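Only a predicted model underlies this, so the values are computations on that prediction, with no experimental measurement involved. Below, all heavy atoms of this structure are taken into account, side chains as well, without hydrogens, waters or symmetry copies.
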Amino acid sequence: MALVAAFLLGFCTCNRRGRRVEVNYVSAAQASLRDQVATVYNHVGTVKNGERVEVLEREKRFSRVRTAGGIEGWIEQRYLVDQPTYDALQKLTKENLSDPVQAPGVLRNESNLHLTPGRETEHLYQLSAGAKVSVLKRATAEKQSGAVSAPVKPGKASPGPVLEDWWLV
């Protein structure tokens, strides 16, 4: 059983005036919408993980968006992913929907569902600690440069990169 279900969505990419609408999806568990980009602001709404929003305007670190319910507000761009990332996750889900389950699992921490193995790769969904998952495949990725490697003695080969385990769930 795949944890992420494939969605069949059809929507227009143009509004009535013929202007192209940019669609993004919320990648944070929950994020606040602000009435303005400022230190002091009013909370005008909340968006949740995986929710579709239309991008109306962009500034340095923020985007003004409209939810399906018509609420407009500013959100940090780091909480949004673009349509190609969303489509890639749907494709990954569809490709692995019938894969056999290798083992059941329970998450110890909040975890992001990444498109490819790696801490800095694109992600969309965030699962809560304690969520039950079905493990489908294992992969490895090189650990980011935060890892300190032991000095190599003269005449000995370097042990190679430090790898991390990643699981398709």
Side-chain angles (χ1 to χ4, degrees), residues 1-99 101 104-137 139 141 166-169:
M1 169 177 90
L3 187 63
V4 180
F7 297 101
L8 298 174
L9 293 177
F11 47 87
C12 179
T13 59
C14 299
N15 68 10
R16 293 175 200 201
R17 295 183 193 103
R19 187 177 61 89
R20 196 157 180 84
V21 174
E22 181 183 355
V23 174
N24 278 187
Y25 296 86
V26 179
S27 64
Q30 183 172 309
S32 292
L33 295 178
R34 308 166 166 221
D35 67 338
Q36 62 183 344
V37 179
T39 306
V40 179
Y41 61 89
N42 291 315
H43 173 88
V44 295
T46 303
V47 288
K48 296 186 184 327
N49 197 206
E51 190 172 333
R52 178 186 184 273
V53 295
E54 293 178 3
V55 177
L56 305 172
E57 182 179 350
R58 288 190 184 272
E59 286 199 9
K60 288 182 183 178
R61 292 181 22 243
F62 288 85
S63 292
R64 188 167 66 90
V65 299
R66 179 183 301 128
T67 67
I71 299 170
E72 291 185 14
W74 292 91
I75 184 173
E76 289 187 61
Q77 288 181 17
R78 66 187 177 125
Y79 297 140
L80 299 173
V81 296
D82 57 12
Q83 186 70 50
T85 300
Y86 181 85
D87 292 342
L89 188 64
Q90 297 311 306
K91 181 180 178 201
L92 181 66
T93 299
K94 188 175 181 180
E95 289 172 351
N96 295 283
L97 202 52
S98 61
D99 287 357
V101 173
V106 177
L107 299 177
R108 287 188 232 164
N109 306 321
E110 285 185 344
S111 300
N112 293 325
L113 291 182
H114 290 256
L115 287 175
T116 56
R119 294 185 184 268
E120 300 302 319
T121 62
E122 290 290 343
H123 70 278
L124 176 58
Y125 292 106
Q126 187 175 67
L127 301 177
S128 301
K132 294 180 181 182
V133 296
S134 297
V135 177
L136 304 177
K137 294 179 186 174
W166 288 81
W167 305 92
L168 180 64
V169 297

Participant: Counting heavy atoms not belonging to R61, are there more than 12 under 6.0 Å from its CZ?
Facilitator: no
Participant: Extract all donor-acceptor atom pairs below 3.5 Å that involve side chains of residues 106-113 and protein atoms in other chains or at least two apart in sequence.
Facilitator:
from, atom 1, to, atom 2, distance (Å)
S111, OG, N109, O, 3.1
N112, OD1, Q126, NE2, 3.2

Participant: For a 4.5 angstrom cut-off between non-hydrogen side-chain atoms, does R34 reach F62?
Facilitator: yes
Participant: Would the distance check show the side chain of N42 and the main-chain N or O of D35 forming a donor-acceptor pair, the cut-off being under 3.5 Å?
Facilitator: no
Participant: Compare every heavy atom of R78 with every heavy atom of S27, then report the nearest pair and how far apart it is.
Facilitator: OG-O, 3.8 Å
Participant: Kindly indicate whether the side chain of I71, heavy atoms from C-beta on, has any atom under 4.5 Å from the side chain of V47.
Facilitator: no
Participant: Rounded to the nearest 0.5 Å, how far apart are OG of S134 and CG of D99?
Facilitator: 11.5 Å
Participant: Is the shortest heavy-atom distance from the side chain of E72 to the side chain of R66 under 4.5 Å?
Facilitator: yes
Participant: Compare every heavy atom of Q90 with every heavy atom of Y125, then report the nearest pair and how far apart it is.
Facilitator: OH-NE2, 4.1 Å
Participant: Would you mind telling me which of V53, V26, V23 makes a side chain to side chain contact (heavy atoms under 4.5 Å, CB included) with V65?
Facilitator: V53
Participant: Which atom pair, heavy atoms only, marks the closest approach of L33 to G73?
Facilitator: CB-CA, 4.1 Å
Participant: Are L115 and T121 packed together at the side-chain level, in the sense that at least one heavy-atom pair is separated by less than 4.5 angstrom?
Facilitator: no
Participant: Between D82 and Y25, what is the shortest heavy-atom contact and its length?
Facilitator: O-CD1, 4.4 Å
Participant: Would you indicate whether the side-chain heavy atoms of K132 and P104 approach each other to under 4.5 Å?
Facilitator: no
Participant: Among E57, E54, E76, E22, whose salt bridge (charged side-chain N to carboxylate O under 4.0 Å, His left out) with R64 holds?
Facilitator: E57
